[in-house]
Amino acid sequence: MARAARKLDPSGDDVRLTSVQQDIPQLDRLIHEKLRLGIVSALAAAPTLTFSNLKKLLDTTDGNLSVHARKLEEAGYILCEKSFEGRVPKSEYKLTPDGRKALERYLDHMEALVRAMRGPRV
């Protein structure tokens, strides 16, 4: 039997299901992807990180990190400043104010989902 088809029961399961169904579409899908969430979270904890720092921290490949960082950059969530140290290129990333707000909204939504699934504390 589908939960959404039942009438409201005393345990509040249907209320929680309705709340979750309403909250899930509000999740920022751009941040929700695992590696992008890792990038944004890492940058929220540090003022700047280099490409190499992020790659090592998130244990990913150059290509994978580049693709996901670019999506966040295009959304205005992170900034990338490119420079050279001697002849070696250096990419340094930082979270933008819009990126920080997006992360805070995402975390608020996730907390609401957790509260809805746990139900009232007794």
Side-chain angles (χ1 to χ4, degrees):
M1 167 164 52
R3 293 178 113 199
R6 292 186 305 184
K7 293 189 181 203
L8 181 63
D9 68 25
S11 70
D13 284 345
D14 292 320
V15 172
R16 286 194 298 272
L17 178 62
T18 299
S19 176
V20 169
Q21 287 172 330
Q22 291 170 350
D23 284 339
I24 287 175
Q26 296 177 24
L27 285 176
D28 186 335
R29 297 290 180 187
L30 185 67
I31 291 179
H32 188 65
E33 198 287 328
K34 181 182 173 183
L35 187 58
R36 291 192 290 261
L37 180 57
I39 294 168
V40 171
S41 298
L43 292 172
T48 63
L49 289 169
T50 64
F51 185 89
S52 297
N53 294 143
L54 282 169
K55 181 181 166 191
K56 186 182 295 184
L57 182 66
L58 300 171
D59 190 28
T60 191
T61 63
D62 287 0
N64 204 18
L65 181 56
S66 292
V67 167
H68 289 290
R70 181 151 313 173
K71 286 186 182 286
L72 291 168
E73 193 176 4
E74 288 169 357
Y77 290 177
I78 65 172
L79 286 176
C80 177
E81 294 181 6
K82 296 184 181 279
S83 61
F84 285 90
E85 281 188 357
R87 292 184 172 192
V88 178
K90 178 181 175 185
S91 297
E92 199 162 37
Y93 295 90
K94 68 179 178 178
L95 193 62
T96 66
D98 285 345
R100 187 166 300 279
K101 286 177 196 167
L103 178 61
E104 288 172 8
R105 278 192 311 271
Y106 177 83
L107 293 173
D108 288 344
H109 286 135
M110 291 302 291
E111 288 172 348
L113 286 170
V114 169
R115 280 192 306 273
M117 293 308 298
R118 287 194 173 148
R121 299 276 174 163
V122 186

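Numbering of residues begins at 1 and proceeds along the displayed sequence.
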**Q.** Residue pairs, two or more places apart or on separate chains, that pass salt bridge (charged side-chain N to carboxylate O under 4.0 Å, His left out) and touch residues 93-103
**A.**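 Residue pairs with at least one partner in residues 93-103: there are none.
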Using distance only, find each side-chain donor-acceptor pair of residues 39-57 under 3.5 Å and give its atom names and separation, not counting sequence neighbours.
unit_1 : atom_1 : unit_2 : atom_2 : d
Ser41  : OG     : Leu37  : O      : 2.7
Thr48  : OG1    : Glu92  : OE2    : 3.3
Thr50  : OG1    : Asn53  : N      : 3.0
Thr50  : OG1    : Asn53  : OD1    : 2.8
Asn53  : OD1    : Thr50  : N      : 3.1
Lys55  : NZ     : Asp62  : OD1    : 2.8

Q.
Under 4.5 Å between side-chain heavy atoms, counting indirect links through other Ile/Leu/Val/Met/Phe/Trp/Tyr residues: same cluster for Leu72 and Val67 or not?
A.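 Not linked; separate clusters.
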Q. What are the two closest non-hydrogen atoms of Arg36 and Lys71, and how far apart are they?
A. NH1-CD, 3.2 Å
Q | Set of residues satisfying side chain to side chain donor-acceptor pair (under 3.5 Å) with respect to Tyr106, sequence neighbours excluded | A |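 Counting only residues at least two positions away or on another chain, Tyr106 forms a side chain to side chain donor-acceptor pair (under 3.5 Å) with His32.
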(Q) Side chains of Tyr77 and Asp28, heavy atoms from C-beta outward: is any pair under 4.5 Å? (A)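 Side-chain contact under 4.5 Å: yes.
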Q: With rounding to the nearest 0.5 Å, note down the distance linking CG in Leu58 to NE2 in His68.
A: 10.5 Å
Kindly list each side-chain donor-acceptor pair under 3.5 angstrom involving residues 79-90, sequence neighbours excluded, with atom names and distances?
unit_1 : atom_1 : unit_2 : atom_2 : d
Lys82  : NZ     : Ser91  : OG     : 3.3
Glu85  : OE2    : Lys90  : NZ     : 3.0

